[in-house]
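Quick notes on the structure that follows.
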Number of protein chains: 2
Amino acid sequence: MQYLDKLRNSGLRPTKQRLQICEVLFNTEKTFHFTVNELDKKIKNNTGNKISLATIYNTIHAFEKKGYLKQIPINSNQTYFDTNVTDHHHFYDLKDEKLIDLENCDVGPINIKKKINGKKIKSIEVLVKLED
Amino acid sequence: MQYLDKLRNSGLRPTKQRLQICEVLFNTEKTFHFTVNELDKKIKNNTGNKISLATIYNTIHAFEKKGYLKQIPINSNQTYFDTNVTDHHHFYDLKDEKLIDLENCDVGPINIKKKINGKKIKSIEVLVKLED
DNA sequence: CACCTATTTAGAATCATTATAAACTAGGAC
DNA sequence: GTCCTAGTTTATAATGATTCTAAATAGGTG
Ligand SMILES: [Mn+2]
Ligand SMILES: [Mn+2]
Ligand SMILES: [Zn+2]
Ligand SMILES: [Zn+2]
């Protein structure tokens with residue numbers, strides 16, 4: 001199993017469910033964006049198995065904490081996650097409600113001139129909304 | 001009433017409730033960020049009146065549509081709104097769960113090099129997450 | 001005033017997410 | 001292998017922000 005070590009090294013027991021979710025999330029050419037609902041459907045399709053929604057939520061939150069997933073800041077009725085955990089930004093197509101990656105090289109360097117005392121920058125995320 | 005015309009000119013009837021909400025939102029030195037819950041409390045405090053939550057939701061959505069409020073893209077269980085409708089960006093203090101304005105001059109120009117066919121940029125929003 | 005439509009409202013409905021608590025399991029000790 | 005224990009899964013209930021509904025109310029116009 002190619003994800004056994006990834007999970008073990010993270011202190012997460014490599015359960016059947018987590019391994020299946022890893023397959024769906026990480027065994028792909030391209031990274032992608034998803035909601036929990038979409039992931040649920042994808043798991044059913046790809047594996048023929050049903051994993052409890054509670055487990056899916058538990059797992060993606062565990063993966064997020066370990067840095068294997070990122071949450072994308074966007075206002076939607078559902079939360080979007082990203083399997084691309086490199087620093088990058090997003091287009092958001094308002095009509096299609098779809099996210100599109102903006103690689104770091106697609107965006108000029110971002111220069112934050114303001115400082116807040118006692119705080120440091122954890123991340124800088126750009127959301128570019130698109131219309132027709 | 002200083003907000004009568006603002007509402008009339010927008011095609012919104014200047015009802016008692018909308019005028020009160022205008023007072024709370026716009027009759028201040030500084031702009032601010034708020035959730036619907038916070039606004040609800042603020043209305044009760046400032047006016048002694050209770051406005052139905054449904055009306056508050058209706059009103060802020062109407063104001064948003066007219067461009068008097070902006071929604072801030074952030075992942076939270078509640079939606080954040082902003083009375084500062086100029087182009088600007090945000091710090092988000094992860095510990096205090098507070099938003100802080102980054103004026104346009106606090107952020108260097110943002111250069112989006114990628115283009116999507118048939119789509120044009122509606123807005124560019126930067127979210128800078130802060131930790132201790 | 002009379003009328004029409006926009007608006008307000010309490011309460012119900014929706015629905016994404018989280019909590020609960022019981023059953024199950026991975027993995028280490030023996 | 002068996003035992004043990006903490007971690008995990010699961011069905012299900014609970015939560016809570018937001019939206020919907022439909023009846024009552026209030027602007028605005030003539
Ligand atoms: Mn999370
Ligand atoms: Mn809205
Ligand atoms: Zn992405
Ligand atoms: Zn702001």
Side-chain angles (χ1 to χ4, degrees), chain A residues 1 3-25 33-44 47-66 68-69 71-81 97, chain B residues 1 3-25 33-44 47-66 68-69 71-81 97:
Chain A
M1 289 293 204
Y3 298 111
L4 262 176
D5 292 336
K6 184 186 179 108
L7 291 172
R8 284 230 178 83
N9 296 338
S10 317
L12 298 171
R13 287 190 182 168
T15 62
K16 180 163 55 78
Q17 290 86 347
R18 284 178 177 159
L19 287 166
Q20 283 180 354
I21 292 174
C22 278
E23 291 287 337
V24 173
L25 290 180
H33 309 113
F34 65 91
T35 64
V36 167
N37 255 317
E38 291 165 355
L39 178 58
D40 186 34
K41 283 187 204 128
K42 205 166 211 174
I43 290 168
K44 284 203 197 80
T47 70
N49 258 341
K50 184 206 171 337
I51 296 179
S52 162
L53 251 192
T55 300
I56 297 176
Y57 275 102
N58 288 342
T59 302
I60 62 170
H61 285 135
F63 285 4
E64 190 196 5
K65 199 165 292 176
K66 296 298 179 185
Y68 302 148
L69 288 176
Q71 210 179 333
I72 300 173
I74 198 177
N75 283 116
S76 161
N77 55 326
Q78 291 179 79
T79 303
Y80 274 86
F81 291 90
E97 295 182 327
Chain B
M1 291 292 205
Y3 298 110
L4 261 176
D5 292 336
K6 183 185 178 112
L7 291 172
R8 282 229 178 83
N9 295 339
S10 317
L12 298 171
R13 287 192 182 167
T15 63
K16 179 164 55 80
Q17 291 86 346
R18 283 177 177 160
L19 287 166
Q20 283 182 352
I21 293 174
C22 278
E23 290 287 336
V24 173
L25 290 180
H33 309 113
F34 65 92
T35 64
V36 167
N37 256 315
E38 291 166 355
L39 179 57
D40 185 33
K41 282 186 204 131
K42 204 167 210 170
I43 291 167
K44 283 202 197 81
T47 71
N49 258 341
K50 184 206 170 340
I51 296 179
S52 162
L53 253 191
T55 300
I56 296 177
Y57 274 103
N58 288 342
T59 303
I60 62 171
H61 285 136
F63 286 3
E64 191 196 4
K65 199 165 290 174
K66 296 299 178 183
Y68 301 148
L69 287 176
Q71 210 178 334
I72 301 172
I74 198 175
N75 284 117
S76 162
N77 57 325
Q78 292 180 78
T79 304
Y80 274 86
F81 291 90
E97 295 182 327

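This is a predicted model, so every value here is computed, not measured. Numbers restart at 1 for each chain; the letters A, B, ... are given by sequence-line order, proteins then strands.
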Find every protein N or O atom lying less than 3.5 Å from an N or O atom of nucleotides 21-26 of chain C, and list the pairs.
from, atom 1, to, atom 2, distance (Å)
C:dA26, N3, A:Arg13, NH1, 3.2

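- Distance from the side chain of A:His61 is smallest for C:dT18 among the nucleotides C:dT18, D:dT10, C:dT7.
- A donor-acceptor contact shorter than 3.5 Å is absent between the side chain of A:Arg18 and the backbone of A:Thr59.
- Between the CD atom of A:Gln78 and the C1' atom of C:dT17 there is a distance of 10 Å, rounded to whole Å.
- Between the CG atom of B:Leu4 and the P atom of D:dG27 there is a distance of 11 Å, given to the nearest Å.
- The distance between atom CD of A:Gln20 and atom P of D:dT9, rounded to the nearest whole Å, is 11 Å.
- The side chain to side chain donor-acceptor pair (under 3.5 Å) search around B:Tyr80 returns none, not counting sequence neighbours.
- In this structure, A:Lys42 is not positioned above the aromatic face of A:Phe34 in the sense of NZ or CZ being under 6.0 Å from the six-membered ring centre and within 45° of the axis.
- Summarising the geometry, the separation between CZ on B:Phe63 and P on C:dT7 is reported as 11 Å, rounded to the nearest angstrom.
- Judged by distance alone, with hydrogens and angles left aside, the side-chain atoms of A:Thr47 form a donor-acceptor pair with the main-chain N or O of A:Asn49 at under 3.5 Å.
- Against DNA chain D, the stretch residues 49-57 of chain B makes heavy-atom approaches under 4.0 Å through B:Ala54, B:Tyr57.
- A:Asp40 has its side chain within reach of A:Lys44: a pair of non-hydrogen atoms, C-beta onward, lies under 4.5 Å apart.
- A close approach under 4.0 Å does not occur between any side-chain nitrogen or oxygen of A:Asn58 and OP1 or OP2 of D:dT9.
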